[in-house]
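All heavy atoms count here, side chains included; hydrogens, waters and symmetry mates do not. Since the structure is predicted, the reported quantities are computational estimates derived from the model, not experimental observations. Residue numbering restarts at 1 for every chain, and letters A, B, ... go by the order of the sequence lines.
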4 protein chains.
Amino acid sequence: MIISLELDGETPLYEQLRNQIVIGIATGGLAPQEKLPTVRQLAEDLGINTMTVNKTYSLLKQQGYIVIDRRHGAKVSPTIDESPNHSAELEGQLQLIIAQAAIRGMDQSRFQTICSQIFSKMTYQH
Amino acid sequence: MIISLELDGETPLYEQLRNQIVIGIATGGLAPQEKLPTVRQLAEDLGINTMTVNKTYSLLKQQGYIVIDRRHGAKVSPTIDESPNHSAELEGQLQLIIAQAAIRGMDQSRFQTICSQIFSKMTYQH
Amino acid sequence: MIISLELDGETPLYEQLRNQIVIGIATGGLAPQEKLPTVRQLAEDLGINTMTVNKTYSLLKQQGYIVIDRRHGAKVSPTIDESPNHSAELEGQLQLIIAQAAIRGMDQSRFQTICSQIFSKMTYQH
Amino acid sequence: MIISLELDGETPLYEQLRNQIVIGIATGGLAPQEKLPTVRQLAEDLGINTMTVNKTYSLLKQQGYIVIDRRHGAKVSPTIDESPNHSAELEGQLQLIIAQAAIRGMDQSRFQTICSQIFSKMTYQH
DNA sequence: GTGGTCTAGACCACT
DNA sequence: GTGGTCTAGACCACC
């Protein structure tokens with residue numbers, strides 16, 4: 001799995017990293033139960049501080065995407081909870097994105113096509 | 001048009017405000033050419049600093065959503081560019097949102113339904 | 001409100017700090033809406049690093065005990081959710097404590113007396 | 001006696017194990033003088049490292065819960081000290097637990113009821 | 001060898 | 001002036 005960070009972007013590094021790992025899980029780049037790199041290893045590979053990776057892992061753990069086994073390090077959660085209130089949050093995010101798309105002249109069918117393309121790459125199974 | 005801010009949220013105030021105005025434009029709460037409140041007025045109504053509102057207006061102007069006339073204040077742009085490179089940015093945002101939705105157990109048809117509902121409220125016409 | 005940390009204890013500093021603030025809220029040393037010291041100030045007062053205080057505040061925020069207002073810093077939450085699954089967690093903790101008390105020869109009435117004394121100092125109102 | 005460990009929990013394995021054995025002693029699952037499994041055996045049963053079990057046994061011995069005889073292995077102490085300074089430690093733990101319970105909206109009578117239920121399962125006799 | 005914690009010191013975004 | 005982020009480097013607890 002390839003990870004690329006924008007060092008000078010506006011999104012915090014730990015959040016960029018978190019996002020890419022989440023996408024990796026959804027698209028199958030990281031299978032359930034698969035072991036993640038160690039904090040040190042990943043930090044070195046990306047050229048960033050171990051604390052930053054540490055924060056990412058803590059966040060992912062707290063959100064249920066990964067579990068941290070004291071014996072073998074971090075791995076993708078075998079099952080991920082179907083967070084109930086996630087739906088409301090999702091709608092809020094979508095509303096803004098769709099508002100911008102509508103203003104920029106994108107029609108609904110084009111939007112749905114893009115969604116379909118993205119969805120077709122999601123291989124995560126419950 | 002009603003605007004509500006979460007003072008203790010994670011999103012910066014100026015960005016929350018910007019987002020709500022964009023949604024207002026897309027859903028018809030703010031018509032093209034419609035005059036916006038003065039910086040001063042809006043700041044007072046919302047109980048926030050004028051600098052914050054100022055930053056929001058500057059951002060909206062820079063992104064083409066509003067125009068600022070020194071004499072008559074700010075108003076919604078008569079026409080908004082169909083920014084071409086907006087598409088790439090959109091896909092990036094959607095990818096993350098859809099990844100999270102997929103992991104949380106939402107299937108594509110449910111997702112499309114939600115999109116349709118939101119789209120049906122968008123009244124902005126080019 | 002007085003806070004004292006064991007620098008060489010086994011409990012992490014950020015957790016000791018978190019615990020004392022929680023107790024402060026429950027016993028009225030910190031009223032709802034009351035402003036907490038700034039991260040820098042508290043770090044200096046306690047002679048520890050700002051990052052450590054920062055972590056404490058993040059944790060308290062995440063657990064709903066405090067809110068962080070971008071304008072004025074951190075303050076005690078006006079209302080704190082009555083976390084539903086807290087009950088199970090509580091029972092687990094109590095079971096261990098009571099087991100140890102029973103083995104050490106403490107009878108139930110004595111235990112209840114101690115609980116009553118502690119409870120009488122809790123002034124937090126919903 | 002059944003022991004179950006959370007490999008991905010926050011509590012160290014040796015401590016989880018220690019806690020469950022203490023509860024076992026208090027609730028009668030392990031009688032005074034009863035022999036405990038060998039380090040080797042227990043480690044294998046639980047699928048953990050022998051060092052971990054070893055550490056647990058050392059801890060339990062040091063705290064007076066078990067005695068270790070080189071010839072016959074470990075067994076539950078025939079009598080356990082009524083450690084006097086245990087009381088202070090107990091109060092500290094209870095204070096935090098009760099503070100959290102109070103904030104989360106639990107009233108004293110409900111709390112006392114839960115304590116009674118737990119106490120009724122404690123069978124350890126001095 | 002793993003993650004967890006802490007420090008000292010720095011810079012940035014937000015208001 | 002607030003909290004948020006990041007770094008470099010260190011030590012510790014756990015297994």
**Request:** Fill in the dot-bracket string of DNA chain F, one character per base: . for unpaired, | for a pair to another strand, ( ) or [ ] for pairs within the strand, taking Watson-Crick or G-U pairs under 3.5 Å.
**Result:** ||||||||||||||.
**Sugar-phosphate only, base, or nothing, as touched by B:L13 at under 4.0 Å among non-hydrogen atoms** = sugar-phosphate
**Prompt:** Please give, in whole Å, the distance from E:dG4 P to C:E10 CD?
**Reply:** 18 Å
**Asked** How is D:I48 classified with respect to the nucleic acid when contacts are heavy atoms under 4.0 Å: base, sugar-phosphate, or nothing?
**Response** nothing
**Contact list for DNA chain F against residues 51-70 of chain A - heavy-atom distance below 4.0 Å** = A:M51, A:T52, A:K55, A:R70
**Fill in**
Testing F:dC15, F:dG3, E:dT15 for proximity to the side chain of D:N49, the answer is F:dC15
**Request:** Would you please name every residue forming a salt bridge (Lys or Arg N to Asp or Glu O under 4.0 Å) with B:D45, sequence neighbours left out?
**Result:** none
**Close side-chain approach of B:Q95 to B:E91, heavy-atom, < 4.5 Å** = no
**Request:** Measure the shortest side-chain to side-chain distance between A:R71 and D:L13 over non-hydrogen atoms and say whether it is less than 4.5 angstrom.
**Result:** yes
**Request:** Check every atom of F:dC15, F:dT7, E:dG3 against the side chain of D:Y14 and return the nucleotide holding the closest atom.
**Result:** F:dC15
**Request:** Could you state the atom-to-atom distance from CG of A:L5 to C1' of F:dT7 in whole Å?
**Result:** 15 Å
**Message:** When you compare the side chain of A:R18 with that of B:L96, does any pair of heavy atoms fall below 4.5 Å?
**Reply:** yes
